[in-house]
Amino acid sequence: MIHGSMTHDFTGRKRKPRKAKGPVLKKYTPPPSARNQVTPNFRRDADVHYASVDSADINTAMPEKKEYTGTLVKGIATMHKSNAVPIIDQEQATDIANMRRN
(Lines give C-alpha, C1' and ligand atoms only; values in the text may rest on other atoms or scores of the structure.)
Protein backbone atom coordinates (compact mmCIF):
# COMPACT_ATOMS: atom_id res chain seq x y z
CA MET A 1 0.00 0.00 0.00
CA ILE A 2 1.40 3.38 -1.00
CA HIS A 3 0.80 6.27 1.40
CA GLY A 4 2.55 9.09 -0.39
CA SER A 5 3.80 9.94 -3.81
CA MET A 6 4.34 7.25 -6.41
CA THR A 7 7.29 9.12 -7.90
CA HIS A 8 9.15 9.72 -4.60
CA ASP A 9 10.02 7.33 -1.77
CA PHE A 10 9.38 7.87 1.96
CA THR A 11 12.70 9.74 2.42
CA GLY A 12 11.89 12.23 -0.34
CA ARG A 13 14.22 10.86 -3.03
CA LYS A 14 12.88 10.54 -6.57
CA ARG A 15 12.31 6.96 -7.72
CA LYS A 16 13.56 5.61 -11.03
CA PRO A 17 10.80 4.63 -13.44
CA ARG A 18 10.42 0.87 -13.57
CA LYS A 19 10.19 -1.03 -16.82
CA ALA A 20 7.65 -3.77 -17.40
CA LYS A 21 8.99 -7.31 -16.82
CA GLY A 22 6.78 -9.10 -19.32
CA PRO A 23 5.23 -8.31 -22.67
CA VAL A 24 3.51 -4.92 -22.83
CA LEU A 25 -0.09 -5.16 -24.02
CA LYS A 26 -1.77 -2.53 -26.14
CA LYS A 27 -4.92 -0.71 -25.07
CA TYR A 28 -8.05 -2.74 -25.85
CA THR A 29 -10.23 -1.36 -28.59
CA PRO A 30 -13.55 -3.14 -29.15
CA PRO A 31 -14.34 -4.32 -32.66
CA PRO A 32 -16.66 -2.08 -34.67
CA SER A 33 -20.30 -3.06 -34.35
CA ALA A 34 -23.68 -1.78 -35.44
CA ARG A 35 -24.10 0.07 -32.12
CA ASN A 36 -20.97 2.18 -32.52
CA GLN A 37 -21.68 3.26 -36.08
CA VAL A 38 -23.65 6.45 -36.64
CA THR A 39 -26.46 6.19 -39.12
CA PRO A 40 -26.60 9.10 -41.59
CA ASN A 41 -30.42 9.39 -41.47
CA PHE A 42 -31.17 9.69 -37.76
CA ARG A 43 -34.29 11.90 -37.96
CA ARG A 44 -37.82 10.58 -38.02
CA ASP A 45 -40.24 11.32 -40.79
CA ALA A 46 -41.70 14.83 -40.67
CA ASP A 47 -45.26 13.47 -40.98
CA VAL A 48 -45.60 12.43 -37.33
CA HIS A 49 -49.04 13.40 -35.99
CA TYR A 50 -49.68 14.08 -32.28
CA ALA A 51 -53.38 14.19 -31.33
CA SER A 52 -52.79 16.13 -28.10
CA VAL A 53 -51.45 19.15 -29.99
CA ASP A 54 -54.58 19.58 -32.10
CA SER A 55 -56.97 20.23 -29.21
CA ALA A 56 -58.27 23.79 -29.56
CA ASP A 57 -59.51 24.19 -25.97
CA ILE A 58 -56.07 24.69 -24.40
CA ASN A 59 -56.16 27.25 -21.59
CA THR A 60 -52.69 28.66 -20.90
CA ALA A 61 -53.84 31.63 -18.85
CA MET A 62 -52.48 32.11 -15.33
CA PRO A 63 -54.72 30.43 -12.71
CA GLU A 64 -56.50 32.58 -10.14
CA LYS A 65 -54.60 33.33 -6.95
CA LYS A 66 -55.74 31.14 -4.05
CA GLU A 67 -56.69 33.13 -0.98
CA TYR A 68 -58.18 32.07 2.35
CA THR A 69 -61.66 33.56 2.74
CA GLY A 70 -63.02 31.53 5.67
CA THR A 71 -63.39 32.41 9.35
CA LEU A 72 -61.92 29.28 10.99
CA VAL A 73 -58.37 30.59 11.44
CA LYS A 74 -58.25 33.64 13.73
CA GLY A 75 -54.55 34.40 13.31
CA ILE A 76 -51.00 33.09 13.11
CA ALA A 77 -48.66 32.60 16.07
CA THR A 78 -44.93 31.89 16.25
CA MET A 79 -44.19 28.84 18.36
CA HIS A 80 -40.41 28.53 17.99
CA LYS A 81 -38.18 30.81 15.91
CA SER A 82 -39.92 31.05 12.54
CA ASN A 83 -42.40 28.18 13.00
CA ALA A 84 -45.76 29.74 12.08
CA VAL A 85 -48.79 28.02 13.65
CA PRO A 86 -52.44 28.80 12.79
CA ILE A 87 -54.61 29.92 15.75
CA ILE A 88 -58.19 28.64 15.74
CA ASP A 89 -59.54 29.85 19.11
CA GLN A 90 -58.55 31.89 22.18
CA GLU A 91 -57.62 28.84 24.26
CA GLN A 92 -55.07 27.72 21.68
CA ALA A 93 -53.61 31.25 21.59
CA THR A 94 -53.05 31.28 25.38
CA ASP A 95 -51.51 27.78 25.28
CA ILE A 96 -48.94 28.84 22.68
CA ALA A 97 -48.20 32.05 24.59
CA ASN A 98 -47.58 30.02 27.78
CA MET A 99 -45.31 27.59 25.91
CA ARG A 100 -43.11 30.44 24.71
CA ARG A 101 -42.73 31.88 28.19
CA ASN A 102 -42.04 28.63 30.07
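Index from 1, following the sequence.
The side-chain hydrogen bond (donor to acceptor under 3.5 Å, both in side chains) check on Thr11 picks up Asp9, with sequence neighbours excluded.
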Can you give each donor-acceptor pair under 3.5 Å made by side-chain atoms of residues 63-77, sequence neighbours left out, with the distance rounded to 0.1 Å?
{"unit_1": "Tyr68", "atom_1": "OH", "unit_2": "Leu72", "atom_2": "N", "d": "3.0"}
{"unit_1": "Tyr68", "atom_1": "OH", "unit_2": "Val73", "atom_2": "N", "d": "3.1"}

For residues 87-94, which side-chain donor-acceptor pairs fall under 3.5 Å, sequence neighbours excluded?
{"unit_1": "Asp89", "atom_1": "OD1", "unit_2": "Gln92", "atom_2": "N", "d": "3.2"}
{"unit_1": "Gln92", "atom_1": "OE1", "unit_2": "Ile88", "atom_2": "N", "d": "3.0"}
{"unit_1": "Thr94", "atom_1": "OG1", "unit_2": "Gln90", "atom_2": "O", "d": "3.4"}
{"unit_1": "Thr94", "atom_1": "OG1", "unit_2": "Glu91", "atom_2": "O", "d": "2.8"}

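Cluster note: Tyr28 groups with no other residue, as no ILVMFWY side-chain heavy atom lies under 4.5 Å from it.
Asn83 is not listed as a side-chain neighbour of Thr78, based on a closest heavy-atom distance of 4.5 Å or more.
Shown here for Met99 and Met79, the closest heavy-atom pair between the two residues is CE-CE, 4.3 Å.
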